[in-house]
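What follows is a single structure, written as C-alpha cells, with notes after it.
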Amino acid sequence: MFAKAFRVKSNTAIKGSDRRKLRADVTSAFPTLGTDQVSVLIPGKEELNIVKLYAHKGDAVTVYMSGSNPILFELEKNLYPTVYTLWSYPDLLPTFTTWPLVLEKLVGGADLMLPGLVVPPAGLPQVQKGDLCAIALVGNRAPVAIGVAAMSTAEMLTSGLKGRGFSVLHTYQDHLWRSGDKSSPPSIAPLVLDPADLSEEKVDSTFQEDLRCLTLEGKEEENGEVHQACEEKSLSEASEDTSAGVLSQDSTDSRPLQEQMDELLQQCFLHALKCRVRKADLPLLTSTLLGSHMFSCCPEGRQLDIKKSSYKKLSKFLQHMQQEQIIQVKELSKGVESVVAVDWKHPRITSFIIPEPSPTSQTVQEGSREQPYHPPDIKPLYCVPASMTLLFQESGHKKGSILESNEVRTIIIDYAKKNELVDTHNKNLVKLDPILCDCILEKDEQHTVVKLPWDSLLTRCLEKLQPAYQVTFPGQEPIVKKGKICPIEITLAQRASNKKVTVVRNLEPYGLDPYSVAAILQQRCQASTTVTPAPGSKDSLQVQIQGNQVHHLGWLLLEEYHLPRKHIQGLEKAPKPGKKK
C-alpha cells in the first residue's frame with residue numbers, strides 16, 4: 001500500500017476527545033495490550049498528530065503520529081499497527097517468518113507467497129482468513145511487515161504451502177516507514193531451534209528451494225514443470241526444513257559477519273577505485289568516497305556497514321589502505337580528510353575482478369525493485385499568444401497553439417517569402433511589414449527599425465512567444481505543459497543551531513521521488529534527512545539533508561541519474577576540497 005509515495009491531505013494535532021476514542025479503539029482492536037501498554041502507546045499529554053493522506057492507488061488512509069513516528073494507521077475503519085509499534089510489542093500479532101532476501105520483494109509491493117514461509121519446529125501460528133498478521137525474518141523476531149492472511153492456517157497446510165499467503169499492507173523501508181525516524185528493526189532473539197536444524201547444508205538447500213518456489217509462484221504459464229515440482233514439495237519436508245537461528249550478511253556464507261563485512265568493505269573500496277574514481281576527482285573527500293562511490297559498488301542484496309566490520313570507522317580502514325600504499329590520505333583542513341593520491345597500478349587494483357551479480361540475488365530482486373531511473377527527454381516548446389495570432393494564422397495556427405522551434409522557423413520563413421519581404425539586394429535581411437512590426441518590435445522601434453537579419457528576426461519571434469515544454473519519460477506518452485520547467489534547486493540554509501542543511505526541491509517534474517532521494521542520501525551522506533512540504537507550493541516536497549551535501553547531490557543527479565546540468569541550480573555551492581563543511 002505504501003510502496004510508492006503518498007499525498008498528504010492534512011496534518012493536525014489530535015483533540016482530547018479523539019485521543020480518548022483512539023485509546024478505546026486500540027483496546028478493542030488489540031485486546032492483548034494491557035491498559036498500561038495502551039497508555040504508553042497513546043500517551044496522555046505528549047504530541048500526537050492525525051495525518052490524513054491518499055495512498056498512490058487512491059486509498060484514503062488516516063495515520064496517527066506520535067512524536068516523529070507513525071504508530072497506527074486506519075483504513076476502511078480498521079486499525080493497523082506500524083512496524084514502529086510492532087518493534088515495541090513484537091507479540092501483538094501472530095508472526096510468520098520468511099527469508100531476509102524476500103523483504104525486498106515485499107518492500108517493492110509484492111504479497112507474501114506461501115512457498116516463502118519458513119515453518120518452525122512448533123508449526124505455523126493458528127490464524128483464520130482475514131486475520132491481521134506480522135511477518136518477520138529468519139534470525140530476528142522483530143516484524144518487518146504486516147499483512148492480512150489470505151487463508152487460514154489449516155488451508156495453508158492443506159494446500160501444501162502453495163499460493164498467496166498474505167496481502168501485505170505495510171513494510172519496513174516503505175514510504176510510511178520513511179515518514180518516521182527511519183530507524184532499523186531492533187534485534188529480538190528468535191525462539192530456540194533444534195541444533196540439528198541449523199546445519200549449514202540444510203539451511204542453504206532449504207533456502208534455495210523455498211526461494212526458487214517463491215520466485216516462480218504465479219508464473220505457471222512460463223514455468224509449468226518447475227512450478228508443479230515446487231507445489232509437490234511434501235508438507236513433511238516443509239515442516240522439517242527449518243531455518244538457521246541467525247543469518248549473516250550473506251545467507252549462504254558461514255563465516256562470521258565481521259569477516260564478511262571486512263571483505264565487502266575492501267571489495268567496494270577496490271571496485272570504486274577501479275571503476276568510479278578518476279584522477280580529476282582528486283583530492284576527494286573521504287566521506288564522498290564512501291557515500292558517492294563505495295556504496296554504489298555494493299552488490300545487490302548486501303548492505304555495507306562499516307560499524308559491523310573490524311575497522312569500525314572509515315578513517316581506520318583508509319589508514320590501513322594507506323599503509324598498503326594503495327592511497328594517500330591527508331587532512332587538508334582541521335578534521336576533514338581527503339584522498340589526495342591513488343596508485344592505480346597497485347596490484348590489488350589491477351588484479352581486482354569486478355564481481356558479477358549473483359544469480360540468486362538477481363532472481364529474488366527481479367520484478368521487486370522499482371525500475372532504474374531514466375531521465376526524461378525535455379524539449380522546449382512555444383505557445384502562440386493573442387498578440388501574435390495574425391502572424392501565425394496564415395499557417396493554420398491560432399492562439400494557444402503549441403509549436404517546436406523548427407516549426408516556428410519554418411512558419412516565419414514561409415511568411416516572409418510568401419509576402420515578398422526578403423530584401424532583393426541583401427537576402428540576409430527581411431523587411432518588416434505591419435504585422436511583423438506589431439508582433440516583434442518594441443514601441444520605440446516601430447518607426448526606426450524597418451529591416452532585420454534572419455537570425456535576429458527568428459530570435460525576437462521566439463522571445464515573444466510564450467514558453468512551454470514537453471516532458472517524455474521512457475515508455476510513456478509525452479506531457480506538454482505551459483511555462484518553463486522549474487530547475488532542480490539546491491540551496492544551503494543555516495538553522496538556529498548554527499548548523500548547515502542542504503535543501504533540494506523541484507524533484508517531482510523530473511520523475512524523482514523525494515522520499516527515495518532522501519533515503520539514498522541518508523545512507524550515502526551518513527546524515528539525517530527529512531522530507532517536508534516545499535514553501536509556497538501546494539503539491540511539491542523538498543528534501544533536507546544535514547550538512548553541506550551538494551557534492552553528493554551533484555554526483556547522484558549528474559553521474560547516476562544523468563540529468564542535464566542546465567536543469568540543476570546550486571551545484572556551485574559544493575564545499576571545496578580542504579574546506580570544512
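By convention here, the first residue in the shown sequence is residue 1.
Every residue was checked against the salt bridge (charged side-chain N to carboxylate O under 4.0 Å, His left out) condition with Lys399, not counting sequence neighbours, and none meets it. Partners of Glu407 by salt bridge (charged side-chain N to carboxylate O under 4.0 Å, His left out), not counting sequence neighbours: none found. Checked against side chain to side chain contact (heavy atoms under 4.5 Å, CB included), Ile520 has the following partners two or more places apart in sequence or in another chain: Arg524, Leu556, Tyr561. Every side chain to side chain donor-acceptor pair (under 3.5 Å) that Ser528 has, sequence neighbours left out, goes to Gln546. Residues forming a salt bridge (charged side-chain N to carboxylate O under 4.0 Å, His left out) with Asp18 (at least two apart in sequence, or on another chain): none. Phe166 meets the ring-ring contact (aromatic ring centres under 6.0 Å, His included) test with Phe96; sequence neighbours excluded. Qualifying side chain to side chain contact (heavy atoms under 4.5 Å, CB included) partners for Asn11, counting only residues two or more places apart in sequence or in other chains: Asn49, Val51. With sequence neighbours left out, the salt bridge (charged side-chain N to carboxylate O under 4.0 Å, His left out) criterion links Lys21 to Asp25.
Proximity of a side-chain donor or acceptor of Thr85 to a complementary backbone N or O of Pro81 within less than 3.5 Å is not detected. The backbone N or O of Gly547 sits less than 3.5 Å from a side-chain atom of Thr502, completing a donor-acceptor pair. Here the side chain of Asn69 pairs no donor or acceptor atom with the backbone of Ile71 at under 3.5 angstrom. Judged by distance alone, with hydrogens and angles left aside, the side-chain atoms of Ser395 form a donor-acceptor pair with the main-chain N or O of Phe392 at under 3.5 Å. Looking only at distances, a side-chain donor or acceptor of Asp111 sits under 3.5 Å from a matching main-chain atom of Val168. Under a 3.5 Å cut-off, the side chain of Thr98 and the backbone N or O of Gly116 do form a donor-acceptor pair. Checking side-chain atoms of Gln446 against main-chain N and O of Cys437 turns up a donor-acceptor pair under 3.5 Å. Checking side-chain atoms of Trp555 against main-chain N and O of Glu560 turns up no donor-acceptor pair under 3.5 Å.
With a 4.5 Å cut-off on side-chain heavy atoms, Leu436 and Leu457 count as touching. Considering only heavy atoms from C-beta on, Leu429 comes within 4.5 Å of Pro453 through its side chain. Side-chain contact between Leu403 and Leu381: absent, with no pair of heavy atoms (C-beta onward) separated by less than 4.5 Å. Counting heavy atoms from C-beta outward, Ile402 and Val480 have side chains that approach closer than 4.5 Å. Contact of the Leu53 side chain with the Lys9 side chain is not registered, since no non-hydrogen atoms from C-beta on lie closer than 4.5 Å. You'll find the side chain of His397 reaches within 4.5 Å of the side chain of Ile411, heavy atoms only. At a threshold of 4.5 Å between non-hydrogen side-chain atoms, the residues Leu512 and Leu557 count as touching. At a threshold of 4.5 Å between non-hydrogen side-chain atoms, the residues Pro283 and Val339 do not count as touching.
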**OP:** Using the side-chain contact (heavy atoms from CB on, under 4.5 Å) rule, take Ile488 and Tyr510 through it: C-alpha gap first, then chi angles, then the decisive distance, then the call.
**Re:** CA-CA 8 Å; Ile488 294 175; Tyr510 300 86; 3.5 Å; yes

Original post:
For Val501 and Ile545, what are the C-alpha separation, side-chain angles and deciding distance, and is it a side-chain contact (heavy atoms from CB on, under 4.5 Å)?
Top reply: CA-CA 6 Å; Val501 294; Ile545 317 102; over 6 Å; no

**OP:** Determine, stepwise, if the pair Leu290 / Ile306 fulfils side-chain contact (heavy atoms from CB on, under 4.5 Å).
**Re:** CA-CA 10 Å; Leu290 176 66; Ile306 295 179; 3.9 Å; yes

Subject >> Steps toward side-chain contact (heavy atoms from CB on, under 4.5 Å) verdict (Tyr64, Ile50) >> reply: CA-CA 5 Å; Tyr64 296 94; Ile50 300 176; 3.9 Å; yes

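Summarising the geometry of Pro514 relative to Glu508, their closest heavy-atom pair is CG-OE2, 3.6 Å, with the distance given to 0.1 Å. Closest approach of Gln549 and Cys525 over heavy atoms only: OE1-SG, 3.5 Å. The two residues Phe473 and Pro509 make their nearest non-hydrogen contact at CZ-O, 3.7 Å. Closest of all the heavy-atom pairs between Leu465 and Pro385 is CD2-CD, 3.7 Å. The two residues Asn506 and Pro487 have their closest heavy-atom pair at ND2-O, 3.0 Å. When every heavy atom of Leu106 is checked against every heavy atom of Thr171, the shortest pair comes out as O-CG2, 3.8 Å.
No close placement of the His170 and Tyr80 rings is indicated, their centers lying 6.0 Å or farther apart.
Between atom NZ of residue Lys77 and atom CG of residue Leu79 there is a gap of 13.5 Å, rounded to the nearest 0.5 Å. The line from CG of Asn548 to NZ of Lys573 is 10.0 Å long, rounded to the nearest 0.5 Å. Rounding to the nearest 0.5 Å gives a distance of 9.0 Å between CG of Leu75 and OG1 of Thr62. How far OG of Ser167 is from CG of Leu169: 7.5 Å, rounded to the nearest 0.5 Å. The structure places NE2 of His271 at 11.0 Å from SG of Cys298, a figure rounded to the nearest 0.5 Å. For the atom pair Cys297 SG and Lys274 NZ, the distance stands at 12.0 Å (nearest 0.5 Å).
Tyr382 and Glu404 share no side-chain donor-acceptor pair at under 3.5 Å. A donor and an acceptor atom, one from each side chain of Arg505 and Thr491, are nowhere located under 3.5 Å apart.
Residues in residues 549-559 take part in no salt bridge (Lys or Arg N to Asp or Glu O under 4.0 Å) pair, two or more places apart or across chains. Residues in residues 454-476 take part in these salt bridge (Lys or Arg N to Asp or Glu O under 4.0 Å) pairs, two or more places apart or across chains: Glu442-Lys464, Glu445-Arg460. Applying the salt bridge (Lys or Arg N to Asp or Glu O under 4.0 Å) definition to pairs two or more places apart or across chains, none involves residues 427-439. Within the structure, salt bridge (Lys or Arg N to Asp or Glu O under 4.0 Å) pairs that include any residue of residues 473-484 do not occur (at least two apart or interchain).
Taking the six-membered ring where the residue is Trp, Tyr515 and Phe6 present tilted rings, their angle falling between 30° and 60°.
With respect to Asp513 and Lys4, no salt bridge is recorded, no charged nitrogen being found less than 4.0 Å from a carboxylate O.
The neighbour count for Arg19 CZ, taken as heavy atoms of other residues, nucleotides or ligands under 6.0 Å away, is above 12.
Among Trp177, Phe2, Tyr84, the one residue that satisfies the side-chain contact (heavy atoms from CB on, under 4.5 Å) test with Pro70 is Tyr84.
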